[in-house]
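Below you'll find the structure, written out as structure tokens, and then a few comments.
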2 protein chains.
Amino acid sequence: MSENHYQPLDEETLFLVSQTFKALSDPTRIRILHLLFECELSVSMIAEALHLNQSNVSHQLRFLKNLRLVKYRREGKTVFYSQDDEHVMRILQQSIDHATHH
Amino acid sequence: MSENHYQPLDEETLFLVSQTFKALSDPTRIRILHLLFECELSVSMIAEALHLNQSNVSHQLRFLKNLRLVKYRREGKTVFYSQDDEHVMRILQQSIDHATHH
DNA sequence: TATACATATGAACATATATTCATATTATAA
DNA sequence: TTATAATATGAATATATGTTCATATGTATA
């Protein structure tokens, strides 16, 4: 008896959701965000901690910044990055926990 | 005073988490999963509903099946697919809601 | 058996993506 | 100003990914 009122996803939502998950689909970006669970860090500190070259980290941070998943703060020559989206960070944390306990 | 005990992500967790998010990073797969919120559907029903060709849907369903995000049930010539990971579906639903109300 | 229908599969292709290299920009200190 | 350090950027490249096409596989029916 119940009719099917399927509401298709609009283009904008679809794009935003897919972009957000794309950010979380790359191991390097996951590792960077995982570091930023704890505290803010400079580009070079992230690069050193994860054994990645500076350019690579910088590119990935730009990606994350464009999606507003991280924010930055300049202090002299150094730029500190930190998380900027609680919702996404919570999802990432949940997923890591879920994957770990399996 | 508090020391920093950073626990790096192990390879296996990293791979599993990134793969799961990769599944959710493509608009076509999101649309398929979004359809499967409601009910189980055959390959051809999905293809028709989303205006996708049958082969494409089949490929994407295989991807989702390999990650155990969907399961299938055969009935004669028809194969019905349905969701198979509550955690991931909840995350997807939340993210769609989050993106919509913004 | 032969035919039709639903789905799966592999190859091919165009596009997207991650990483590196070289270099530019920005800020500080000598 | 010059030199040095931290970060950002653009080009190049190798690899990954999504889609389509043609065809194979599986299932039911005549």
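In what follows, chains are A, B, ... by sequence order, proteins preceding strands, each numbered from 1.
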Next on the checklist: Using whole Å, what does the distance between atom P of nucleotide D:dA6 and atom CG of A:Leu61 come to?
Outcome noted: 16 Å
Item to check | Short side-chain N/O contact from B:Arg29 to OP1 or OP2 of D:dG18, under 4.0 Å | outcome: yes
Next on the checklist: At less than 4.0 Å, is any side-chain N or O atom of B:Lys77 found next to OP1 or OP2 of C:dA4? Yes or no.
Outcome noted: no
Item to check | A:Arg73 CZ to C:dA27 P, straight-line distance once rounded to whole Å | outcome: 15 Å
Item to check | Length of the NE2-P vector between A:His51 and C:dT19, whole Å | outcome: 15 Å
Checklist entry - Please give, in whole Å, the distance from C:dG10 P to B:Phe63 CZ? => result 17 Å
Checklist outcome for this item: Ranking A:Gly76 and A:Thr28 by the position along DNA chain C of their nearest nucleotide, the one closer to 5' is A:Thr28
Checklist entry - Does a nitrogen or oxygen in the side chain of A:Ser55 sit under 4.0 Å from OP1 or OP2 of D:dA8? => result no
Next on the checklist: With rounding to the nearest 0.5 angstrom, report the CG to CD distance, B:Leu36 to B:Glu38.
Outcome noted: 9.5 Å
Next on the checklist: With a cut-off of less than 4.0 Å, is there a side-chain N or O of A:Ser58 near OP1 or OP2 of D:dT9?
Outcome noted: no
Next on the checklist: Which nucleotide wins on minimum distance to the side chain of B:Gln54, given the candidates C:dT19, D:dT20, C:dA8?
Outcome noted: C:dA8
Checklist entry - Under 4.0 Å between a side-chain N/O of A:Thr78 and OP1 or OP2 of D:dA5, yes or no? => result no
Next on the checklist: In this structure, how many angstroms lie between the C1' atom of D:dT7 and the NZ atom of A:Lys65, rounded?
Outcome noted: 11 Å
Item to check | Under-3.5 Å donor-acceptor pair between B:His59 side chain and D:dT20 base | outcome: yes
Next on the checklist: Ring of A:Phe63, cation from A:Arg29 - is the NZ or CZ under 6.0 Å from the centre and inside 45° of the axis?
Outcome noted: yes
Item to check | Donor-acceptor pair between A:Asp97 and A:Thr100 side chains, under 3.5 angstrom | outcome: no
Checklist outcome for this item: The residue among B:Glu40, B:Gln60, B:Lys65, B:Arg62 that forms side chain to side chain contact (heavy atoms under 4.5 Å, CB included) with B:Val70 is B:Lys65
Checklist entry - Below 4.0 angstrom from OP1 or OP2 of C:dT19, is there any side-chain N or O of A:Gln60? => result yes
Checklist entry - To the nearest Å, how far apart are B:Asn53 CG and C:dT9 C1'? => result 13 Å
Item to check | Nearest-nucleotide 5' precedence on DNA chain C, A:Arg74 against B:Ser44 | outcome: B:Ser44
Item to check | Proximal nucleotide (of C:dT19, C:dT20, D:dA8) relative to the A:Val43 side chain | outcome: D:dA8
Checklist entry - Rounded to whole angstrom units, what separation is found between the CG atom of A:Asn56 and the P atom of D:dA14? => result 17 Å
Item to check | Heavy atoms from other residues, nucleotides or ligands near CZ of A:Phe80 exceed 12 (cutoff 6.0 Å) | outcome: yes
Next on the checklist: With a 4.0 Å cutoff (strictly under), does any side-chain N or O of A:Arg62 reach OP1 or OP2 of D:dT9?
Outcome noted: yes
Item to check | Student check: side-chain heavy atoms of A:Leu69 and A:Gln83 closer than 4.5 Å | outcome: no
Next on the checklist: So, does B:Tyr81 get its side chain near the phosphate of C:dA6, meaning an N or O under 4.0 Å from OP1 or OP2?
Outcome noted: no
Checklist entry - Given atom CZ of B:Phe21 and atom P of D:dA16, what is their separation to the nearest angstrom? => result 21 Å
